[in-house]
Trainee: 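Mind looking over this structure? Questions follow.
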Amino acid sequence: MQKRYERNILLIGEEAQAKLGYARVLVVGAGGLGSPVLYYLAAAGIGHIGICDGDTVSVSNLNRQILYKEKNLGNLKVECAAERLQKLNSLLEFKNYPYFLDCNNAEKTFLGYDIVVDCLDNLPARYLLNDTCLKLNIPFVHGGISEYYGQQITVIPHKTPCFRCFCPEGNMGKLPAFGTLGATAGVMGSLMAMEVIKYILGKPVNTGSVLYFDGIAMETEKVVIAINPNCKCQK
């Protein structure tokens with residue numbers, strides 16, 4: 001096992017690597033963002049990884065969802081992802097939640113995890129994830145992508161701004177379909193996986209500001225945000 005994590009251990013040491021092995025991380029959404037997040041968490045040696053998604057693999061996923069192959073078409077993403085990751089790292093434990101997040105299953109799904117990763121693709125589910133994590137006092141890493149662009153922030157319940165603080169719920173209507181470059185998902189998913197690992201190791205994470213990535217200009221920008229005193233989750 002030490003040989004497998006040799007490059008990790010050279011950087012963080014054996015004690016920190018053991019922390020990763022004891023950690024329990026839930027990834028909600030096993031698509032464009034979830035694929036690189038899951039891959040790098042498994043490669044790093046996160047001991048217990050939960051995967052929550054009710055979707056099946058379709059051919060349009062294959063430009064960015066790197067865990068899947070053509071032979072997986074029509075099969076549940078959580079099952080295909082767990083199988084692929086188990087082959088990458090047989091030392092780990094995976095738990096599948098083959099359903100979409102809703103108000104009836106969110107709390108029981110999140111219980112017992114050290115940190116949650118928001119790899120979702122719609123606002124209602126993101127609000128639910130945010131509200132559930134704050135209620136259960138579980139930190140989470142948020143990420144989002146569109147076209148060549150991405151955003152990321154880490155939320156520590158009742159200590160830092162939450163998703164609602166910088167993205168208040170409103171009448172946004174139905175969001176239009178948008179294209180996404182696969183590499184954009186790779187960039188943001190890697191950053192999100194790094195945030196999870198840093199949090200587990202007790203290192204500084206990106207709270208209090210939203211990191212925006214511009215893949216056209218190849219620039220990043222941090223926009224500082226404050227806790228919204230009117231946010232219902234912060235009261």
Side-chain angles (χ1 to χ4, degrees), residues 19-31 33-34 37-38 40-42 44 46-55 77-78 81-82 92-144 151-169 189 191-211 225-235:
K19 285 185 179 181
L20 298 182
Y22 292 125
R24 298 174 59 84
V25 179
L26 174 67
V27 178
V28 186
L33 284 173
V37 168
L38 286 162
Y40 281 113
L41 292 182
I46 300 298
H48 181 102
I49 299 175
I51 311 171
C52 180
D53 198 317
D55 201 7
K77 288 182 180 179
V78 292
L92 310 182
E93 179 182 351
F94 298 93
K95 183 172 178 59
N96 295 340
Y97 303 90
Y99 47 73
F100 295 110
L101 201 65
D102 63 35
C103 60
N104 296 313
N105 60 37
E107 287 192 31
K108 66 179 181 181
T109 302
F110 289 16
L111 284 172
Y113 285 96
D114 302 313
I115 188 168
V116 172
V117 193
D118 169 13
C119 298
L120 292 160
D121 61 1
N122 68 88
L123 285 172
R126 290 189 189 279
Y127 290 129
L128 176 60
L129 183 149
N130 178 87
D131 300 353
T132 304
C133 282
L134 267 66
K135 180 178 180 180
L136 299 178
N137 204 34
I138 302 174
F140 72 92
V141 174
H142 159 78
Q151 65 183 37
Q152 186 279 320
I153 188 171
T154 299
V155 176
I156 310 298
H158 312 299
K159 294 182 179 179
T160 70
C162 72
F163 181 73
R164 287 184 182 273
C165 289
F166 77 91
C167 185
E169 189 170 9
L191 291 175
M192 294 166 71
M194 186 176 292
E195 282 288 282
V196 172
I197 292 168
K198 289 191 301 175
Y199 173 80
I200 293 167
L201 297 180
K203 297 185 179 297
V205 291
N206 182 43
T207 59
S209 62
V210 183
L211 172 70
I225 58 173
I227 292 177
N228 181 352
N230 297 318
C231 175
K232 69 178 186 179
C233 293
Q234 300 287 1
K235 296 178 180 179

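These values consider heavy atoms only, across backbone and side chains, with no hydrogens, waters or symmetry-generated copies. These figures come from a predicted structure and were not determined experimentally.
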Trainee: Should we count NZ of K198 as having more than 12 external heavy atoms under 6.0 Å?
Mentor: yes

Trainee: Run L101 and F110 through side-chain contact (heavy atoms from CB on, under 4.5 Å) and show every step you take.
Mentor: CA-CA 10 Å; L101 201 65; F110 289 16; 3.7 Å; yes

Trainee: Let me confirm one number: the NZ-CE distance from K203 to M194, rounded to the nearest 0.5 Å.
Mentor: 12.0 Å

Trainee: For Y127 and P168, which heavy atoms make the closest approach, and how far apart are they?
Mentor: OH-O, 3.1 Å

Trainee: What heavy-atom pair brings C162 and N130 nearest, and what distance separates the two atoms?
Mentor: CB-OD1, 3.2 Å

Trainee: Of all the heavy-atom pairs spanning P161 and V155, show the shortest one and how long it is.
Mentor: O-CG2, 3.5 Å

Trainee: Provide the closest heavy-atom pair for C165 versus A226 in the form atom of the first, atom of the second, distance.
Mentor: CB-O, 3.9 Å

Trainee: Answer yes or no: is there a donor N or O on one side and an acceptor on the other, between the side chain of N96 and the main chain of I51, under 3.5 Å?
Mentor: no

Trainee: Report the distance from atom CG of L128 to atom CG of L123, rounding to the nearest 0.5 Å.
Mentor: 12.5 Å

Trainee: Would you compute the distance between atom CZ of F140 and atom CG of L26 and round it to the nearest 0.5 angstrom?
Mentor: 12.5 Å

Trainee: Ignoring hydrogens and angles, tell me if any N or O in the side chain of R126 forms a donor-acceptor pair with the backbone of L120 under 3.5 Å.
Mentor: yes

Trainee: Output, in order, the C-alpha distance, side-chain angles, deciding distance and verdict of side-chain contact (heavy atoms from CB on, under 4.5 Å) for I46 and I200.
Mentor: CA-CA 10 Å; I46 300 298; I200 293 167; 3.6 Å; yes

Trainee: Between R164 and N228, is a side-chain contact (heavy atoms from CB on, under 4.5 Å) present by the stated rule, with each step listed?
Mentor: CA-CA 8 Å; R164 287 184 182 273; N228 181 352; over 6 Å; no

Trainee: For residues C119 and M192, report the shortest heavy-atom separation together with the two atoms involved.
Mentor: SG-CE, 3.8 Å

Trainee: If we ignore hydrogens and angles and just use 3.5 Å, is the side chain of D118 paired with the main-chain N or O of L129 as donor and acceptor?
Mentor: no

Trainee: Looking at D102, is its backbone amide N or carbonyl O close enough to the side chain of N105 to form a donor-acceptor pair, meaning the two atoms are under 3.5 Å apart?
Mentor: yes

Trainee: Any chance you could measure D53, atom CG, to F100, atom CZ, to the nearest 0.5 Å?
Mentor: 5.5 Å

Trainee: Write down the atom of P139, the atom of I156, and the distance for their closest heavy-atom approach.
Mentor: CB-CD1, 3.9 Å

Trainee: Identify the residue among T109, D55, N104 that makes a side chain to side chain donor-acceptor pair (under 3.5 Å) with Y99.
Mentor: T109

Trainee: Give, for atom CD of E93 and atom CZ of R24, the distance between the pair rounded to the nearest 0.5 Å.
Mentor: 6.5 Å

Trainee: Is there a side-chain contact (heavy atoms from CB on, under 4.5 Å) between N206 and V141 once you walk through the steps?
Mentor: CA-CA 9 Å; N206 182 43; V141 174; over 6 Å; no

Trainee: Are L33 and D121 close enough that some pair of their side-chain heavy atoms sits under 4.5 Å apart?
Mentor: no

Trainee: Checking side-chain contact (heavy atoms from CB on, under 4.5 Å) against V196, which of I115, D114, V27 comes through?
Mentor: I115

Trainee: Under 30°, 30 to 60°, or over 60°: which ring-plane class applies to Y113 and Y97, parallel, tilted or perpendicular?
Mentor: perpendicular

Trainee: Taking atom CG of L211 and atom CD1 of I153, what is their separation to the nearest 0.5 Å?
Mentor: 9.5 Å

